[in-house]
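Data block below; observations after.
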Amino acid sequence: MMNQFLKAAALAALTVGAVSAQANEVYGAVGLTGVTVGYAYPINDSFTVRGDITGGYGFKRNDRISGVDYSAKLAAHRVGAYGDWFPAGNQFRLTGGLAFNDNALKLRSRAAANSTTTINGKDVDLTGHYLNVDAEYPKVAPYIGIGWGHRKSDSKGWSFNADLGVMIGKYKLKNIQQNIVGTQGVEQADLDAEIAKVQKDLNKLRVFPVLSVGVSYRF
């Protein structure tokens, strides 16, 4: 997975680098999805192309999904290739592009105190048992958003940038580990029905928000 991520990073760098052999702007930002470093090249007053890498994002929380208490952990890394359009003649922009993702969600069941676990409607004691689920976001997802900064300018030095947008895609279950089938009246059909409910709940997460602020340096 990480090799694919690094290949995507190289592809994004080459895509932007092919436009110009000399960088016009470098930038950094921090936000919901981690720390971003990138490279921007203005084509003209109205259009800029960019490539960046985002990582370091980690998310942990306890949640209840379809009757089961889980410890949820999300790790997300992204390489982006974008085009910025500046319709108003200032630094405001509309952005579209592609995100190359290494984005994994891990759900680990918990025997939560004062909480009843249900598997397909059947009460189950998870003490000594587990239901672990892994899900993955699409490797490539479209990105749309708005932002500020990266427009062509004759001024060198520092400036401000910001992004607000979404990646569009949905998580897909790829790995299920469990030791509950055959215990407490739980059958394979019950597990299949429960996993289908988890996938249905994850299908609601069709957008992955992106919000960041940072600084740019033109040279």
Side-chain angles (χ1 to χ4, degrees), residues 1-9 11-12 31-34 53-81 97-145 165-211:
M1 181 181 296
M2 186 56 63
N3 287 338
Q4 294 175 341
F5 180 75
L6 293 175
K7 289 178 181 178
L11 176 61
L32 293 178
T33 51
I53 300 174
T54 301
Y57 177 74
F59 175 89
K60 293 181 180 179
R61 62 172 289 177
N62 295 329
D63 206 351
R64 187 172 178 86
I65 304 175
S66 299
V68 180
D69 291 296
Y70 288 100
S71 174
K73 180 179 180 180
L74 175 65
H77 307 278
R78 181 181 77 250
V79 173
L98 292 175
F100 302 87
N101 300 296
D102 181 5
N103 186 328
L105 174 64
K106 297 182 182 294
L107 302 175
R108 300 294 181 259
S109 64
R110 301 183 302 121
N114 302 319
S115 179
T116 300
T117 298
T118 58
I119 303 294
N120 195 30
K122 297 180 178 180
D123 291 344
V124 176
D125 182 358
L126 278 181
T127 303
H129 296 85
Y130 59 88
L131 172 57
N132 298 335
V133 179
D134 294 341
E136 188 175 70
Y137 203 69
K139 292 294 186 184
V140 182
Y143 172 88
I144 56 174
V166 293
M167 294 183 292
I168 302 171
K170 63 181 181 180
Y171 285 95
K172 182 178 180 180
L173 300 182
K174 68 170 188 174
N175 187 33
I176 296 106
Q177 297 178 333
Q178 55 82 30
N179 67 349
I180 58 176
V181 171
T183 68
Q184 306 177 70
V186 178
E187 301 176 354
Q188 184 63 46
D190 296 316
L191 176 64
D192 293 342
E194 187 66 26
I195 293 302
K197 292 177 183 178
V198 174
Q199 180 66 73
K200 184 177 180 180
D201 284 344
L202 291 179
N203 287 345
K204 299 175 183 178
L205 305 176
R206 292 186 176 274
V207 296
F208 194 95
V210 175
L211 171 63

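Start at 1 with the first residue, then count along the sequence.
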Got a sec, which residues hit side-chain contact (heavy atoms from CB on, under 4.5 Å) with N179, two or more places apart in sequence or on another chain?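 In terms of side-chain contact (heavy atoms from CB on, under 4.5 Å), with neighbours along the sequence ignored, N179 is linked to H129, Y130.
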
Holding to side-chain contact (heavy atoms from CB on, under 4.5 Å), I want the full list of residues that pass it with K200, two or more places apart in sequence or in another chain.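 In terms of side-chain contact (heavy atoms from CB on, under 4.5 Å), with neighbours along the sequence ignored, K200 is linked to no residue.
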
Applied to residues 165-204, the ring-ring contact (aromatic ring centres under 6.0 Å, His included) test, sequence neighbours excluded, yields Y137-Y171

query: Can you list every pair that meets ring-ring contact (aromatic ring centres under 6.0 Å, His included) and has a residue in residues 174-206, with sequence neighbours left out?
result: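 Counting only pairs at least two positions apart or across chains, no ring-ring contact (aromatic ring centres under 6.0 Å, His included) contact touches residues 174-206.
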
Identify, with sequence neighbours excluded, every residue that meets side-chain hydrogen bond (donor to acceptor under 3.5 Å, both in side chains) alongside [X].
X	value
R64	D69, S115
D192	Q188
Q199	N203
D125	T127

What residues form a salt bridge (Lys or Arg N to Asp or Glu O under 4.0 Å) with [X], not counting sequence neighbours?
X	value
R108	D134
K122	D190
K204	D201

Residue set satisfying ring-ring contact (aromatic ring centres under 6.0 Å, His included) with Y70, at least two apart, ordered chain then number -> none

Margin query: Rounded at 0.5 Å granularity, tell me how far CG in L74 sits from NZ in K60.
Written below: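 Answer rounded to 0.5 Å: 12.0 Å.
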
Exercise. Output the distance between atom CG (D63) and atom CG (L107), rounded to the nearest 0.5 Å.
Key: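 It comes to 8.5 Å.
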
